[in-house]
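This report refers to the structure that appears directly beneath it.
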Amino acid sequence: MKVLWVSNQIFPDFAKEIGQPIPTSCGWMYGLAKDLVSANISLTVVTTRPNIDSANTHIDGIEYFLLKGSKPAVVYDNTLESQWEDIIGKTKPNVVHIHGTEYAHGLPLIKKLPELNYVVSIQGLISVCSRYFLGGISKKMIKKNITFRDFIRQNSLLQAQKEFENRGEKVEKRYFKNVKHVIGRTKWDLNHSTLLNPQCTYHFCNESLRDSFYSSKKWDIENKTDHLIFLSQAIYPLKGLHKMLEAAALLIQDFPNLKIRVAGANITKSDSFKDKLSISGYGKYILSLITKFKLEKHIQFTGILDEKQMIQEYLNCHAFVCPSSIENSPNSLGEAQLLGTPCISSYVGGVSDMVEDGETGLLYRFEEIEMLAEGLKSIFKNDEFALKLSKNSIIVASERHHREKNLNRTMEIYSQITNNV
């Protein structure tokens, strides 16, 4: 079987080949791609970028194409239509698998060649996420924290939320209107898919995780750092760092050595004049909360981490927190569970399909910082409870993210699509 993937991410091997930055996200896709090739699937992976020369190569059984667009991937680019027609003529895929509905690069392909067998995987749903983008921050507070960077780039939080809304209307809903098959993994994305297109066929399939997480050692309560909390990202308000800080303010009296480590660049950096010009409105707001709650010594940004560095953060911390205002099924939560790190997550989106409260993690309502704080206390103060969450999460995550089962299910879906089952 010949399968063509449409991806927004340039895969690491291909990125090295063409001199582009090596990505640190979407690692689960690379593992699945290798698994498909090992199962004798003929796989082509196509990515688009504006202002980067087109490229094509074979690496380890996968054929890669980079198409040079004329517009950012968030908007429709009609210059891709003829390029897509050429690619399809060369590869002749049985199935075209579009990963995610957030980017428009697959739409010119669907328009040009509507007769192909398409399936779209749901990652997040940007039309839904736009509702929760601001993470409960008031418009008054957002306007108060608008920065020079926001003004120059015309990219304040309110403008960024509007962009999400526009992409939901002009890109995501167009995918659902024009495809017959959807792959998802939670009740949340099932319900939204059904409402967006009642005629589409929904295929359930869990996701596999990055290679290193399967061979890694597990979280050990004897080797963790007491009262250290780890968050996997915090660039947008919907990731909920501001709520974590509010909860931290309730904890530091009982746990004066409390630390919060956040993966990614330091969005609050304002040491130099250049930093002050570059800080975002959200970064400025986070900085104000750090100052307000006297958390300067309690929070650290790690910088960009590769998968092995991420594993070390999960293993070092006392608890992993996913404080988002919306998620489908965050891979960071799955990674933490697979390693056995005690987890707490906001009860949003599809997270309840991943966490059984009190058994494989803890759940709390996004706004209820008191529940988040008390949940962390229960892990910090009760080793037996932390070990219970750790042991149970490994069991459920190992089943959910089972590489062979997820590979077989993916191939089954491709077969059903080609055979109109």
Side-chain angles (χ1 to χ4, degrees), residues 28 100-101 121-133 135-136 182-196 202-209 213 219 229-234 236-241 243-244 247 314 319-379 385-386 388-402 405-406 409:
W28 65 269
T101 54
S121 282
I122 298 173
Q123 294 176 359
L125 286 170
I126 200 168
S127 58
V128 183
C129 292
S130 63
R131 302 180 204 166
Y132 308 99
F133 181 85
V182 171
I183 296 175
R185 55 199 181 276
T186 66
K187 293 176 184 176
W188 180 81
D189 64 30
L190 168 61
N191 291 338
H192 283 288
S193 297
T194 302
L195 288 169
L196 286 166
Y202 179 92
H203 304 269
F204 176 86
C205 185
N206 280 315
E207 287 184 346
S208 296
L209 300 176
F213 286 86
W219 184 82
I229 298 165
F230 179 53
L231 277 65
S232 64
Q233 56 178 304
Y236 298 124
L238 64 82
K239 294 300 179 181
L241 175 59
K243 290 298 182 183
M244 182 66 254
Y314 288 122
F320 171 77
V321 177
C322 178
S324 303
S325 60
I326 191 66
E327 292 282 358
N328 185 12
S329 63
N331 280 340
S332 58
L333 179 57
E335 290 172 348
Q337 288 184 313
L338 188 61
L339 296 177
T341 307
C343 298
I344 301 183
S345 177
S346 51
Y347 193 124
V348 295
V351 168
S352 61
D353 286 359
M354 301 179 72
V355 176
E356 181 182 355
D357 187 43
E359 296 295 326
T360 62
L362 292 173
L363 295 171
Y364 70 96
R365 180 174 165 134
F366 167 74
E367 300 91 340
E368 297 285 355
I369 57 171
E370 295 84 1
M371 290 186 69
L372 171 55
E374 288 301 310
L376 285 165
K377 282 184 183 180
S378 69
I379 291 174
F385 181 57
K388 172 189 172 182
L389 297 182
S390 176
K391 178 182 177 181
N392 289 344
S393 69
I394 291 172
I395 294 170
V396 297
S398 296
E399 177 67 18
R400 182 198 312 130
H401 302 293
H402 193 288
K405 290 181 180 179
N406 293 339
R409 177 58 184 146

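As a basis for the values below, the full set of heavy atoms in this structure was taken, side chains included, without hydrogen atoms, waters or symmetry mates.
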* Asked: Under 4.5 Å between any side-chain heavy atoms of M244 and L372, yes or no?
  -> yes
* Structure fact -> Here the gap from N191 atom CG to L196 atom CG, rounded to the nearest 0.5 Å, amounts to 11.0 Å
* Asked: Tell me, do P342 and W219 make a side-chain contact under 4.5 Å, heavy atoms counted?
  -> yes
* Structure fact -> Scanning both residues in full, the closest heavy-atom pair of L376 with A319 reads CD2-CB, 3.8 Å
* To do: Please assess E207 against R400 for the test salt bridge (Lys or Arg N to Asp or Glu O under 4.0 Å), listing each intermediate value before the final yes or no.
  => CA-CA 8 Å; E207 287 184 346; R400 182 198 312 130; over 6 Å; no
* Ignoring hydrogens and geometry, is there a side-chain-to-backbone donor-acceptor pair from S390 to A386 under 3.5 Å? -> no
* Asked: So do the side chains of I126 and T101 get within less than 4.5 Å of each other, counting heavy atoms only?
  -> no
* To do: Supply the atom-to-atom distance L125 CG to I326 CD1, rounded to the nearest 0.5 angstrom.
  => 9.0 Å
* To do: List the atom of N406, the atom of S208, and the distance in Å for their closest heavy-atom pair.
  => ND2-OG, 3.2 Å
* Asked: Nearest heavy-atom pair of T186 and D189: which atoms, and what distance?
  -> O-OD1, 2.8 Å
* State whether the number of non-hydrogen atoms from other residues, nucleotides or ligands found under 6.0 Å of Y236 atom OH is greater than 12. => no
* Asked: Distance from F204 atom CZ to L190 atom CG, nearest 0.5 Å?
  -> 10.0 Å
* Rounded to the nearest 0.5 Å, how far does CH2 of W28 lie from CD of Q123? -> 5.5 Å
* Geometric class of the Y314/F213 ring pair [parallel <30°, tilted 30-60°, perpendicular >60°] -> perpendicular
* Please report the shortest heavy-atom distance between V182 and S193, naming the atom on each side. => CG1-OG, 3.8 Å
* Give the ring-plane orientation class for F320 versus F230, where under 30° counts as parallel, over 60° as perpendicular and anything between as tilted. => tilted
* Asked: Does C343 reach the side chain of L389, with side-chain heavy atoms less than 4.5 Å apart?
  -> no
* Asked: side chain to side chain donor-acceptor pair (under 3.5 Å) with K405: which residues, sequence neighbours excluded?
  -> E399
* Structure fact -> Rounding to 0.5 Å, atoms CG (L363) and CE (M354) come to a distance of 11.0 Å
* To do: State, to 0.1 Å, how close F385 and S378 come at their nearest heavy-atom pair, and which atoms those are.
  => CE2-OG, 3.6 Å
* Asked: Is the closest side-chain heavy-atom distance between L362 and D357 below 4.5 Å?
  -> yes
* To do: Give a yes or no on whether a salt bridge exists between K388 and E359, defined as a side-chain N under 4.0 angstrom from a carboxylate O.
  => yes
* Check: R409 side chain, H203 main-chain N or O, donor-acceptor pair, under 3.5 Å -> no
* **Point-to-point distance, once rounded to the nearest 0.5 Å, from CD1 of I394 to CG of L338** => 7.5 Å
* To do: Using modelled atom types only, decide if a donor and an acceptor are shared between the side chain of D353 and the backbone of K187 within a distance under 3.5 Å.
  => yes
* Would you confirm whether S346, through its side chain, and S325, through its main-chain N or O, come within 3.5 Å as a donor-acceptor pair? => no
* To do: Please list all pairs passing the salt bridge (Lys or Arg N to Asp or Glu O under 4.0 Å) test where one or both residues lie in residues 326-351, with sequence neighbours left out.
  => R210-E335, K239-E327
* To do: Measure the shortest side-chain to side-chain distance between P323 and Y364 over non-hydrogen atoms and say whether it is less than 4.5 angstrom.
  => yes
* Asked: Nearest heavy-atom pair of N331 and L209: which atoms, and what distance?
  -> OD1-CD2, 3.8 Å
* To do: Report the C-alpha distance between Q337 and V355 in whole Å, list the side-chain angles of each, state the deciding distance to 0.1 Å, and finish with yes or no for side-chain contact (heavy atoms from CB on, under 4.5 Å).
  => CA-CA 9 Å; Q337 288 184 313; V355 176; 3.8 Å; yes
